[in-house]
There are 2 protein chains.
Amino acid sequence: MNLKKLRHVVVLAEQGNFARAADKLNLSQPALSRSISGLEDELGMRLFDRDQAGATATAAGRQLITRARDLLYAANNLKQEMAQLRDGESGQIIFGAGPFPAASFLPAVLTELASNYPRMRTVLEVNNSDTLMEHLLAEKLEFFIADTRSLRPDKHIQLRPLTRQTGGLYCRREHPLTLKAKLSLQDLQSASYASVYLADIFMPAMRKAFGLESGQDLPLVTTCDNIYVLKHVVRHSDAILLCTQAAVAEELGSGELIELKADGWQTMQAEIGVVSLARRSLSPMAELVLARVAAHV
Amino acid sequence: MNLKKLRHVVVLAEQGNFARAADKLNLSQPALSRSISGLEDELGMRLFDRDQAGATATAAGRQLITRARDLLYAANNLKQEMAQLRDGESGQIIFGAGPFPAASFLPAVLTELASNYPRMRTVLEVNNSDTLMEHLLAEKLEFFIADTRSLRPDKHIQLRPLTRQTGGLYCRREHPLTLKAKLSLQDLQSASYASVYLADIFMPAMRKAFGLESGQDLPLVTTCDNIYVLKHVVRHSDAILLCTQAAVAEELGSGELIELKADGWQTMQAEIGVVSLARRSLSPMAELVLARVAAHV
DNA sequence: ATTCATTACGCGTATCGTAAGGATG
DNA sequence: CATCCTTACGATACGCGTAATGAAT
C-alpha cells in the first residue's frame, strides 16, 4: 500500500469510471485497473464493484477512501511545508553577527528579508566574536558573520571570507583635533577612544599602530559591542571612535562624524567572514540570508 | 516522496547511523544511503548531516521527521483498520431474513457471531420477502436470507440456494384434532390457521394442498411475520401453525407443539436461499456470516 | 586499520503503455 | 457494436544487494 495507489483509489471513486480516472491520473486505463486490483489483492477485499456503468466503491472501499483522503491531504501538506522551508517562505533562521557587520550591511539585509520573505522568522544575535563562537559551538546559532582575524583555525569550524572593511578613527565635527592641520601619532596617543571589545590578539597590532610601547595600554575610555552606543558617546564627547568605515558611512555622509588621519597611522582592515560548523550543513534559509548578504557587501 | 522513504528517514533519525538504521529496516546500508539522498534531492534540501560519527538530522530533517511520524502512524492505522474489516474484527453488516430462517437457524448464527466476533456490529432485519427485496434494492441491506420461491428472476438479483425446509402443520398438545386417530382434508378445512404473510403466488398451491376451490379463502385467522408471535397464539388457542419444521423444532422436541398429519396433505417445502444484488459484491463480513449460516444449516 | 558514508554495477520486481480479449447492454 | 473492464506482453524505471571507493580518525 503506498500513497500512489491510495490516490488511484480516491480518484477512481470520484470519477466512478476507470477510463476517466486514468485520464485524470495521467495513466493508461489498464494501468489503473491493475493498480486497483493489486491493492484489492493486497488488502484481501474488493474495493470497487465494476459493471458496464463503471466502478462503485464497496463499503470497505468507502471506508478506505475517507481515510485515504486524509492521508493524502497530510502528505501534500508535508510536501508543501518542505518546499516552503526550502524556499525560505517559512521557517526560522538564527544567526549571529559582530558589531561591524551589524552596524554596516546587516540592517539593510534584514530589511530586505523582512519585506521579501515576510513569513520567515529571522533572529540575529549581535555580539563579540568570542561569545558568538561559543554560541555557534553550542548550536544556538547556525552561523555568524564577524571579523575573522581573531579566530584560531579549528577543524570543527568552517570559514567563508566575505569582505574587508577598512578601519579608521572617527570623531565629532566639533572635536578639538579637527582644528589641527596635521595630526601626529603623539596627538592620537593623548586622545581617548571608544571601541568595541578587542580580542587580546589584536593588542600588539594596535599598540604598533598607535606607536605605543608594549607595556602601555591603549587609551580606551569606552568599550561596548554596540556600535550605536559608541556612536552616541562619540557624538557627545571628545572620544574618538575606532571602527570600520562601513559602520559609520551614514554619519560620515551627513557630516555628523569626521575621519581623523594622522601621519604614520597604519590603516587596519577587518576581515569579515562567515563562520559555521564544519560538520553541519547550512539550511536553505541560511544560504538565502548569505546570498542577500553577498549582494549587499 | 513515498511512505517507504519517510520510514527510512524516521528510522535513520532514531538510529543516528546509516548501518544500524539499514539493519533495522532490513535494507543494505548503501540502499538506505541512496534512499535518503534521493529524498534530499527531491526536496532540494539536506535532511541529515553526515560524518564519521553517523547522521544527524538538520532543522529541515527534524521538521520532516515529526510530520512523517504522524503520517506513518496514520498509514499503519489505515492498514490495520482494513485488515480488521476484512477479518470481521470490526465493521458493520446489515442483512435481512424471512420469518423461517429467523426462527430456525439464525438465532444460533447470531449467537455464535456475537461471541466469536464481539467487535463486529450485526444488524438483522426480519421481514417478509417483499419488504426485504425492496430494502435490498434500495441498498439498505447487503443481502437477505428467505424463502426464494416467490421471487421472480431479475438480472439485478443474485440468488444462492441455501437449504430446504419442509413445511408442516403444528398445534398445541391439547388441540381437539389431536384426539382423532386419522385426519382428513375436511378436518383441516374446518380448522383455523396462523401463518406468516403469504405471497399471492402461493395461494393456488395452498388451496390445492387444503383441497379448496379456487374461489375459497384459506382459513387464516392470524397472519404475522414474527413466528414467535404466531407460536404464542398457537400455544394458547386452537389455531394451527403453518410453517417449516425447523422453525418449531424446539417446541416439537419439548412436546409443546405437535405436528398434525392428514391424509392427502401434500407436504410443502420452503426453498431458503441468499438473495443479493448481482452488481454488488458481498463484503468479507457478509461472506463470513454466510459461512456461519452454511455451517448451521 | 577501522568506521563511517557514497558510487558503480548488475539484477529482479513493479509499473507502465499498447494491444488483444471478454462481458454486457 | 459500443462501452465498460481485464489480461497479455514487451519496455522502462525503480529499488535492492554486492563490491569497490572515498573520507576521517
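This structure is a prediction, so every number in the text was calculated from the model and none was measured. Protein chains get the first letters and strands the later ones, always in sequence-line order, with residue 1 at the start of each.
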Just call it for [X]: base, sugar-phosphate, or nothing, with non-hydrogen atoms closer than 4.0 Å on any strand.
| X | value |
| --- | --- |
| A:R20 | nothing |
| B:G38 | nothing |
| A:A53 | nothing |

Open item on the list: Closest-nucleotide mapping onto DNA chain D: is B:Q29 or A:H156 further toward the 5' terminus? I mean the 5' end.
Closed with: B:Q29
TODO: Map A:K155 and B:A31 onto DNA chain D by nearest heavy atom, then report which one ends up closer to the 5' terminus.
DONE: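 Its nucleotide being nearer the 5' end, the pick is B:A31.
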Verify whether one side chain among [X] and [Y] offers a donor that lies under 3.5 Å from an acceptor in the other.
| X | Y | result |
| --- | --- | --- |
| B:Q269 | B:Q165 | no |
| A:N128 | A:D225 | yes |
| B:D49 | A:S281 | yes |
| A:S276 | A:E142 | no |
| A:N17 | A:Q15 | no |

TODO: At the 4.0 Å heavy-atom cut-off to chain A, mark where contacts on DNA chain C begin and end, going 5' to 3'.
DONE: C:dT15 to C:dG25
Atom pair distance, as rounded to whole Å: [atom1] in [X] and [atom2] in [N]:
| X | N | atom1 | atom2 | answer |
| --- | --- | --- | --- | --- |
| B:D49 | D:dA23 | CG | C1' | 16 Å |
| A:Q158 | D:dA24 | CD | P | 11 Å |
| A:L12 | D:dC5 | CG | C1' | 11 Å |
| A:D23 | D:dC5 | CG | P | 13 Å |
| A:F18 | D:dA2 | CZ | P | 23 Å |

Open item on the list: On DNA chain C, does the nearest nucleotide to A:N2 precede the nearest nucleotide to B:R279 from the 5' side, or the other way round? Give the residue.
Closed with: A:N2
Open item on the list: Which is more 5' along DNA chain C, the nucleotide nearest A:S28 or the one nearest B:R50? Just name the residue.
Closed with: B:R50
- [ ] Evaluate salt bridge (Lys or Arg N to Asp or Glu O under 4.0 Å) for B:E89 paired with B:R119, printing each intermediate quantity in order.
- [x] CA-CA 6 Å; B:E89 287 172 17; B:R119 315 199 57 160; over 6 Å; no
TODO: Report yes if a side-chain nitrogen or oxygen of A:R34 is closer than 4.0 Å to either non-bridging phosphate oxygen (OP1 or OP2) of D:dC9; otherwise report no.
DONE: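 Answer is no, no contact under 4.0 Å.
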Open item on the list: So, OP1 or OP2 of D:dT3: does either fall under 4.0 Å of a side-chain N or O from A:Q52?
Closed with: no
Open item on the list: On the six-membered ring of B:F202, is B:R149 placed so that its NZ or CZ lies under 6.0 angstrom from the centre and within 45° of the ring axis?
Closed with: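 Because its charged atom sits under 6.0 Å from the ring centre and within 45° of the axis, B:R149 does stack over B:F202.
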- [ ] With the side chain of A:P30 defined as its heavy atoms from C-beta on, choose the nearest nucleotide among D:dC5, D:dG17, D:dT7.
- [x] D:dT7
